[in-house]
Amino acid sequence: MSPHQHREQQSRTVRGPSARRVAFDVIRAVQVDDAYANLLLPTRIRRAALSPRDAGFATELTYGTIRMIGRYDAVIEAASGRRVANVEADVLDVLRLGVHQLLAMRTPTHAAVSATVELTREVGAHRATGFVNAVMRKVAAKTPGEWDTEITRGLTGDELLATRWSHPAWVVASLRDALAAERSRDELVALLAADDVAPRVQLAALPGFATDADVAEVTAVLRATADAAQDDDAAAAEPPVRTDADVVAAADAQPVSPVGIRGVTGDPARVPGVAAGRLRVQDEGSQLAALALSRSSAVRAGERWLDLCAGPGGKAALLAAEAAQGGATLVANELVPARAGLVRQALAQFGDTVTVVEGDARRYGQDGAGVTYDRVLLDAPCTGLGALRRRPEARWRKVPEDVQELAELQRELLDAAVRVLAPGGTLAYVTCSPHLAETRGQVDALMARHGDVLEQVDTAAVVRSVAARDPQVADGMTAQLWPHRVGTDAMFIALFRRV
């Protein structure tokens with residue numbers, strides 16, 4: 001046996017099934033128990049005591065498979081001659097994991113096939129091993145491009161794009177409409193492709209807390225990680241996933257947030273500044289949303305700020321740092337007790353600057369207390385269609401009917417925000433969704449209800465003034481960020497001032 005074959009066999013024996021089993025268990029929990037992959041996977045990785053490399057393999061396998069379920073199901077149906085609805089659920093998820101290795105990772109074909117058959121046995125589906133072996137070999141017989149041609153044959157319009165880029169057709173239509181509102185119809189494929197690329201971790205350096213040494217340590221950790229990965233890849237049976245350079249170009253560019261750090265790989269908890277709380281894991285779109293509120297005008301000492309829906313505390317932490325810098329105070333409200341606990345943890349280092357409270361944000365302004373706030377952030381519950389890269393299961397869980405229910409909640413929360421907004425105060429309405437019913441539709445309806453007391457702020461101009469480089473938002477009174485343009489989540493921001 002050659003040294004390479006020995007390493008490959010050792011990899012399959014020691015690492016492969018363990019990492020694949022972790023991915024399988026998480027995907028089954030997502031399907032059966034409505035679990036969230038980003039919450040469950042780290043726990044399962046720790047429980048399995050996976051090495052950093054194994055953890056990275058399990059992470060890509062889990063998230064990548066969930067993102068591409070729609071496409072992979074079409075491939076499995078074509079290769080097997082069966083409807084996926086007629087394939088046993090456990091076996092189907094094993095196949096999805098195997099197809100991801102064949103079509104989106106550098107796993108050698110024989111390793112992907114044999115390990116997938118072994119995983120079939122491991123999960124107790126012994127009688128399906130022959131079926132799994134046959135399907136995997138048929139999938140391996142064609143290139144990813146050939147499969148794309150096969151599964152989209154005869155399809156047109158949104159159905160074709162939905163199958164090729166693994167999005168529900170209604171989501172494709174919603175994203176098309178949102179881009180069309182900016183007269184950007186030709187960007188839809190680039191957006192769908194960006195949704196399917198694993199995003200790298202982005203960090204926020206909290207103003208007044210993070211130091212130059214913190215940033216330098218991030219650079220050192222990144223360099224060490226890159227060197228280790230290069231050395232590891234030289235002997236690896238399964239190198240890292242391949243990516244489309246054109247798709248990820250925006251994600252690899254310089255930060256768009258003035259406090260952002262990009263390019264973090266591996267476990268960010270290894271970075272000392274993150275462990276100490278001076279650096280926070282946060283998408284730069286969220287960073288710009290918080291900074292658009294805090295930096296839309298000069299902060300006066302004694303200002304009172306309110307975060308209506310603060311959980312889990314990311315934007316609240318950045319606001320708290322900004323408030324501490326300017327002599328303001330922040331009230332962080334959260335409805336769900338468990339999420340309120342996360343907010344308390346996230347804000348513990350800010351002391352008297354922050355007060356965390358629990359309750360339904362729609363109660364604000366109805367108690368007759370007359371308390372008002374100079375800056376109010378409403379980071380509203382939404383469909384999350386702007387964060388499909390980071391929350392892969394969201395695209396399969398949401399249905400069109402969810403939009404109407406969420407839009408009604410958003411309307412009620414906006415009314416509460418207006419009730420407690422002080423004269424001259426600023427309100428930021430933020431969603432991690434570009435769906436027009438949750439963005440421009442809400443803005444128009446809000447001004448129809450409260451146009452006598454509110455005026456819109458040129459949010460696009462504010463975001464441009466705050467950003468570290470061109471955020472590529474369209475001109476107008478609102479700002480919509482896009483992953484395919486600047487590598488952030490598709491965050492929507494609208495600012496209002498009480499006259």
Side-chain angles (χ1 to χ4, degrees), residues 67 70 157-162 164-197 199 247 250-251 256 283-286 288-289 292 378-392 394-411 414 428-447 456 458-460 463-464 470-495:
R67 283 189 197 97
D158 290 347
E159 288 294 337
L160 186 154
L161 295 176
R164 168 60 185 87
W165 299 106
S166 200
H167 288 62
W170 78 271
V171 173
V172 173
S174 299
L175 297 176
R176 181 192 299 279
D177 291 343
L179 287 167
E182 296 187 356
R183 300 179 181 178
S184 302
R185 300 176 188 273
D186 60 343
E187 296 182 46
L188 180 58
V189 169
L191 171 57
L192 297 174
D195 274 350
D196 291 343
V197 175
V247 172
V256 70
D283 182 83
E284 288 183 49
S286 294
L288 287 178
L378 172 54
D379 181 18
C382 66
T383 56
L385 300 185
L388 297 182
R389 306 174 307 156
R390 300 185 187 280
R391 301 167 192 163
R395 68 182 73 184
W396 310 117
R397 285 190 179 158
K398 299 299 182 182
V399 294
E401 292 74 21
D402 292 333
V403 177
Q404 182 176 355
E405 181 179 349
L406 286 164
E408 176 62 21
L409 174 59
Q410 291 157 5
R411 184 192 68 79
L414 277 167
Y429 173 65
V430 176
T431 68
C432 191
S433 168
H435 195 295
L436 292 178
E438 302 181 274
T439 57
R440 296 187 179 209
Q442 286 290 3
V443 170
D444 292 343
L446 177 66
M447 293 306 296
Q456 288 188 253
D458 187 344
T459 308
V463 172
R464 290 192 189 100
D470 183 5
Q472 299 187 40
V473 294
D475 292 334
M477 303 304 285
T478 62
Q480 177 68 65
L481 298 165
W482 295 104
H484 65 288
R485 292 183 190 172
V486 290
T488 70
D489 289 344
M491 198 70 62
F492 174 83
I493 311 165
L495 299 175

If you look at every heavy atom in [X] and [Y], which pair is closest and at what distance?
X      : Y      : value
Leu481 : Gly285 : CD1-CA, 3.8 Å
Arg67  : Pro199 : NH2-CD, 3.5 Å
Leu436 : Asp177 : CD1-O, 3.7 Å
Arg395 : Ser166 : NH1-O, 2.8 Å
Val463 : Ala479 : CG2-CB, 3.8 Å
Pro434 : Leu175 : CG-CD2, 3.6 Å

Can you find a pair of side-chain heavy atoms, one from [X] and one from [Y], that are under 4.5 Å apart?
X      : Y      : answer
Thr439 : Gln480 : yes
Leu161 : His167 : no
Arg389 : Val197 : no

What distance do [X] atom [atom1] and [Y] atom [atom2] have between them, rounded to the nearest 0.5 Å?
X      : Y      : atom1 : atom2 : answer
Thr459 : Leu495 : OG1   : CG    : 4.0 Å
Leu378 : Thr431 : CG    : OG1   : 9.5 Å
Asp195 : Leu385 : CG    : CG    : 9.0 Å

The side-chain contact (heavy atoms from CB on, under 4.5 Å) partners of Ala437 (sequence neighbours excluded) come to Val403, His435

Please list, chain by chain and in numerical order, all residues satisfying side-chain contact (heavy atoms from CB on, under 4.5 Å) with Leu179, sequence neighbours excluded.
-> Ser184, Glu187, Leu188, Leu191, Trp482, His484, Arg485

Please lay out, stage by stage, how Leu288 and Met491 fare under the test side-chain contact (heavy atoms from CB on, under 4.5 Å).
-> CA-CA 9 Å; Leu288 287 178; Met491 198 70 62; over 6 Å; no

Could you tell me whether a side-chain N or O of Arg440 sits under 3.5 Å from a main-chain N or O of Ala178, the two making a donor and an acceptor?
-> no

Mark yes or no for whether Gln410, through its side chain, and Ala380, through its backbone, hold a donor-acceptor pair below 3.5 Å.
-> no

When you look at CZ of Arg391, are more than 12 heavy atoms from neighbouring residues, nucleotides or ligands closer to it than 6.0 Å?
-> no

Within a reach of under 6.0 Å around CD of Glu405, are more than 12 heavy atoms found that belong to other residues, nucleotides or ligands?
-> no

Just checking, is any N or O donor in the side chain of Ser433 or Glu438 under 3.5 Å from an acceptor N or O on the other one?
-> yes

Please step through salt bridge (charged side-chain N to carboxylate O under 4.0 Å, His left out) for the pair Asp196 and Arg164, ending with a clear verdict.
-> CA-CA 11 Å; Asp196 291 343; Arg164 168 60 185 87; 5.5 Å; no

Decide yes or no on side-chain contact (heavy atoms from CB on, under 4.5 Å) for Leu446 and Tyr429, but give the supporting numbers first.
-> CA-CA 10 Å; Leu446 177 66; Tyr429 173 65; 5.9 Å; no

Is there a side-chain contact (heavy atoms from CB on, under 4.5 Å) between Val171 and Leu388 once you walk through the steps?
-> CA-CA 11 Å; Val171 173; Leu388 297 182; 4.2 Å; yes

Quick one: which of Met477, Gln456, Gln442 gives a side chain to side chain contact (heavy atoms under 4.5 Å, CB included) with Met447?
-> Gln456

